[in-house]
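Chain A is the first sequence line, chain B the second, and so forth, proteins listed ahead of strands; every chain is numbered from 1.
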Protein chains: 2
Amino acid sequence: MHPVGKGLMAKLPAEGTQARRFGKTRSAQSTALHEDYVELIADLLEGEGEARPTDIARRLGVSHATAIKSIARLKRAGLATARPYRGVFLTEKGRALAERVRLRHRLVVDVLRALGVSSEAAEADAEGIEHYVSEHTLKAFAQFLKSRA
Amino acid sequence: MHPVGKGLMAKLPAEGTQARRFGKTRSAQSTALHEDYVELIADLLEGEGEARPTDIARRLGVSHATAIKSIARLKRAGLATARPYRGVFLTEKGRALAERVRLRHRLVVDVLRALGVSSEAAEADAEGIEHYVSEHTLKAFAQFLKSRA
DNA sequence: TTCATATTGTAGCCAAAACTACATTTTGAC
DNA sequence: GTCAAAATGTAGTTTTGGCTACAATATGAA
Ligand SMILES: [Mn+2]
Ligand SMILES: [Mn+2]
Ligand SMILES: [Mn+2]
Ligand SMILES: [Mn+2]
């Protein structure tokens with residue numbers, strides 16, 4: 001119950017600090033999916049001219065029913081619009097998010113590549129990592145890349 | 001419908017490749033919580049001598065009911081054991097996971113620090129990032145740290 | 001123009017992770 | 001030893017994000 005000596009033991013952060021960190025991670029997690037959808041929709045709109053639910057589903061590796069439900073959540077969140085059989089579009093807010101997410105994705109991939117990670121692993125890992133990189137860390141990444149250019 | 005020219009447009013990966021990447025991210029996401037619990041339990045066991053559900057809950061910033069349910073899932077997954085009012089312990093499998101997770105956590109923090117990220121931001125971001133770093137990337141991180149030691 | 005196929009939509013199911021509220025058990029102060 | 005407080009457990013609800021199965025609609029080939 002009481003600390004045994006506090007000399008050489010594991011460095012447990014203060015409870016509040018640790019709780020705040022985990023909470024931040026949880027909130028990032030809850031926005032990760034939205035970010036992936038918005039980024040993908042932006043890419044499809046630019047690359048293919050349209051973003052159809054089926055294509056979104058295929059690219060994400062989920063069923064079309066799942067994609068349609070997620071798109072509905074995007075609409076509720078004010079990030080996208082969609083009319084039946086006419087594809088998905090981004091609102092102003094969605095486009096702004098897509099832009100930020102795209103930049104961040106690229107930055108994360110570039111840093112991983114710079115650290116010696118293979119192109120494919122960098123892309124794959126970045127797909128998860130990107131959602132947990134804070135503004136502060138993003139700045140450090142940019143700095144690092146510039147410094148070793 | 002048809003690609004407009006394919007010359008200078010956004011680099012959409014092949015559908016299968018992209019789906020595989022997103023799938024990998026989803027599966028990492030589904031183990032992230034387990035990893036955090038197991039790591040925290042190991043830290044508490046070493047640091048405090050015991051890992052009580054209440055302490056786990058406080059440190060994670062969730063209600064004790066949530067923690068208890070998650071611990072039940074850990075038990076079902078063969079990672080932990082717990083007897084009522086006697087705290088939580090790790091199975092052999094749980095200890096092995098904790099060890100891996102701990103190493104990975106430290107490595108991610110060290111790399112972030114090396115890239116110029118502040119100590120607190122590194123710890124906070126690592127809490128999310130760690131779960132999406134592949135073995136391949138982990139090796140690259142270790143290499144990078146060794147090279148600039 | 002018709003009609004098969006592709007696309008989209010809906011319904012219903014499930015598990016994970018969160019919560020609050022309440023019940024039960026242990027422990028420790030006295 | 002009692003009994004209040006702390007810890008633990010349980011019940012019930014919600015949201016998210018998956019799935020399958022089926023229904024409805026558009027599109028395009030013949
Ligand atoms: Mn992603
Ligand atoms: Mn991305
Ligand atoms: Mn973590
Ligand atoms: Mn961790």
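For I68(B), the listed nucleotide lying nearest its side chain is dG9(D); candidates were dT10(C), dA7(D), dG9(D).
For the residue pair S134(B) / T137(B), a side-chain donor-acceptor distance below 3.5 Å is found, with atom types taken as modelled. Inspection of the D125(A) and H136(B) side chains reveals no N or O donor paired with an N or O acceptor under 3.5 Å.
The minimum heavy-atom distance between Y132(B) and Q29(A), with the atom names listed, is OH-OE1, 3.9 Å. R26(B) and G61(A) make their closest contact through NH2-O, 3.2 Å (heavy atoms, listed as atom of the first residue, atom of the second, distance). What you find for A98(B) and A42(B) is that their closest heavy atoms are CB-CB, 3.7 Å. Closest approach of A126(B) to V109(B), counting heavy atoms only: CB-CG2, 3.5 Å.
Scanning residues 124-132 of chain A for heavy-atom distances under 4.0 Å to DNA chain C yields an empty list.
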Under 4.0 Å protein heavy-atom contacts per nucleotide of nucleotides 15-27 of chain D, with B for base, S for backbone only and - for none: -SBBBB---BBS-
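Residues forming a salt bridge (charged side-chain N to carboxylate O under 4.0 Å, His left out) with D55(B) (at least two apart in sequence, or on another chain): R52(B), R58(B).
Between I56(A) atom CD1 and dT8(C) atom C1' the separation is 12 Å, expressed in whole Å. Atoms CG (D55(A)) and C1' (dT7(C)) sit 10 Å apart, rounded to a whole Å. What separates CZ of R52(A) from P of dG9(C) is a distance of 12 Å, to the nearest Å. The distance between atom CZ of R83(B) and atom P of dG9(D), rounded to the nearest whole Å, is 11 Å. In this structure, L60(B) atom CG and dA16(C) atom P are separated by 18 Å, rounded to whole Å. Going from atom CD of E50(A) over to atom C1' of dA6(C) covers 13 Å, rounded to whole Å.
Considering E46(A), E35(A), E39(A), E130(A) as possible partners of R102(A), the one that fulfils the salt bridge (charged side-chain N to carboxylate O under 4.0 Å, His left out) test is E46(A). Under the side chain to side chain donor-acceptor pair (under 3.5 Å) test applied with D36(A), the options H131(A), R59(A), H105(A) reduce to a single match, H131(A).
A sub-4.0 Å separation between OP1 or OP2 of dA6(D) and a side-chain N or O of T54(B) is absent.
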